[in-house]
Amino acid sequence: MRVTVLQMNQGSDKAANIAQARRLAEAAIAADRPDLISLPETWTNLGGDRAAREAAAELLPPPGSGGTGGPAYEFLRAMARANRIFVHGGSIIEAGGEGGRLRNTTVVFDPEGREVARYRKIHLFDITAPDGTGYRESAAYEGGRELVTLDGPGGVRLGLSICYDVRFPELYLALRRAGAELIFVPSNFTLATGKDHWEVLLRARAIETQCWIAAAASWGEYLERGQRRQVYGHSLVCDPWGHVVAKASDGVGWATARVDRALTERVRRDMRVLEHRRLA
Ligand SMILES: O=C(O)CNC(=O)[C@H](CS)NC(=O)CCC(=O)C(=O)O
């Protein structure tokens, strides 16, 4: 099976972001025929101000209801159904959290266009970057609490996570223990942290968990309340040995890799790290 990660340069115009996602996804699907395609974190909105973020938010239909969602949700569903592929929607902004807060939420659709998983980002990005920029994701967002895995194409078990989650290895160990073979890390990684940490963290999570990692990321500049900010990009797919087997260059685009399940099996058989664990 093949997995494609899309690299976008979204801003605060939701309709333009959906148009960009559509254009990139159509080109990637035509070129590489993936079974599974993944978008970046909050690909429907990056930056702007609180009002732009709230305007991009969608109230999602209850899981399993088959109900109709907003334009981003319906775009993802239609793309899955039209191409008969799994679509991992990076994350979209979900309205309806406690106290008017938003949620940073992944939805996954199967080739029939049914929503088969929903994950809400657990770890929120409240930090000061080395360049002095402060981030307080928890001001707008409510954190999730639930671990999510599901069956993907060809029975490959998928595990869900988002961006800053990647710094918390216990989540990935729990996903592996829940049977995950391919774990997603859709991201808006900052340039200041990403240049030093992005690939190291993703490869470490792959090596420790012996899982494939698919990390679709936002790339380039955007404006946050008029201030210029940069995100690192470098969307990639990593194999369970820790090799980066596909990576997007600078700019918008995508990268596709073949997920070789025989490799997963061999790595796990020959180095039984799960059984060798002593402390956690
Ligand atoms: O704010 C939104 O609308 C969507 N959320 C994000 O873009 C979040 C919080 S600002 N970004 C990250 O988690 C980057 C993590 C990162 O860069 C690191 O761990 O170093």
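Since the model is a prediction, treat every value here as computed from it, not as a measurement. In each ligand, atom 1 is the first atom listed, and ligand 1 is the first ligand listed.
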Query raised in the report: Under 3.5 Å, is there a donor-acceptor pair between the side chain of Ser161 and the main chain of Phe184?
Result: yes
Query raised in the report: Has Arg50 got more than 12 heavy atoms of other residues, nucleotides or ligands less than 6.0 Å from its CZ?
Result: no
**Report entry** Test applied, salt bridge (charged side-chain N to carboxylate O under 4.0 Å, His left out); reference residue, Glu112; option that passes from Arg84, Arg81, Arg77
**Finding:** Arg84
Query raised in the report: So is Glu41 close enough to ligand 1, meaning a heavy atom under 4.0 angstrom away?
Result: yes
Report summary line: atom 4 (C) of ligand 1 sits nearest the protein heavy atom Thr42 CG2, 3.5 Å
Requested in this report: Identify, by atom number and element, the atoms of ligand 1 in contact range of Thr193, meaning under 4.0 Å from any of its heavy atoms.
Outcome: 16 (C), 17 (O), 18 (C), 20 (O)
Query raised in the report: Considering only heavy atoms, does Tyr135 approach ligand 1 within less than 4.0 Å through its side chain, its backbone, both, or neither?
Result: side chain
Query raised in the report: What's the verdict on side-chain contact (heavy atoms from CB on, under 4.5 Å) for Ile92 and Trp43, showing C-alpha distance, side-chain angles and the deciding distance?
Result: CA-CA 7 Å; Ile92 57 180; Trp43 62 271; 3.5 Å; yes
Requested in this report: Using a strict cut-off of less than 4.0 Å between a Lys/Arg side-chain nitrogen and an Asp/Glu carboxylate oxygen, indicate whether Glu224 and Arg53 qualify as a salt bridge.
Outcome: yes
Report task. Note the single closest protein heavy atom to atom 2 (C) of ligand 1, along with its residue, its atom name and the distance in Å. Result -> Tyr141 OH, 3.5 Å
Query raised in the report: What is the minimum heavy-atom distance between Leu39 and Gly89, and which atoms define it?
Result: CB-C, 4.1 Å
Query raised in the report: For ligand 1, is any non-hydrogen atom under 4.0 Å from Lys121's backbone (N, CA, C, O), its side chain (CB onward), both, or neither?
Result: side chain
Report summary line: Among non-hydrogen protein atoms, atom 1 (O) of ligand 1 lies closest to Arg53 NH2, 3.5 Å
Query raised in the report: atom 5 (N) of ligand 1: which protein heavy atom is closest, and how many Å away?
Result: Glu137 OE2, 3.2 Å
Report task. Return the residue, atom name and 0.1 Å-rounded distance of the protein heavy atom closest to atom 7 (O) of ligand 1. Result -> Asn188 ND2, 2.9 Å
Query - Within 6.0 angstrom of Glu170 CD, more than 12 heavy atoms from elsewhere - result: yes
**Report entry** Side chains of Tyr164 and Asn104, donor plus acceptor under 3.5 Å
**Finding:** no
Query raised in the report: Has ligand 1 got any nitrogen or oxygen that is less than 3.5 angstrom from a nitrogen or oxygen of Arg167?
Result: yes
Requested in this report: Please verify whether a non-hydrogen atom of Tyr232 lies at under 4.0 Å from ligand 1.
Outcome: no
Report task. For ligand 1, note which part of Thr190 has a heavy atom under 4.0 Å away: side chain, backbone, both or neither. Result -> both
Query raised in the report: Just wondering, more than 12 heavy atoms not from Glu74 lying within 6.0 Å of its CD?
Result: yes
Report task. Do me a favour and list the nearest non-hydrogen protein atom to atom 14 (C) of ligand 1 with residue, atom name and distance? Result -> Cys163 SG, 3.1 Å
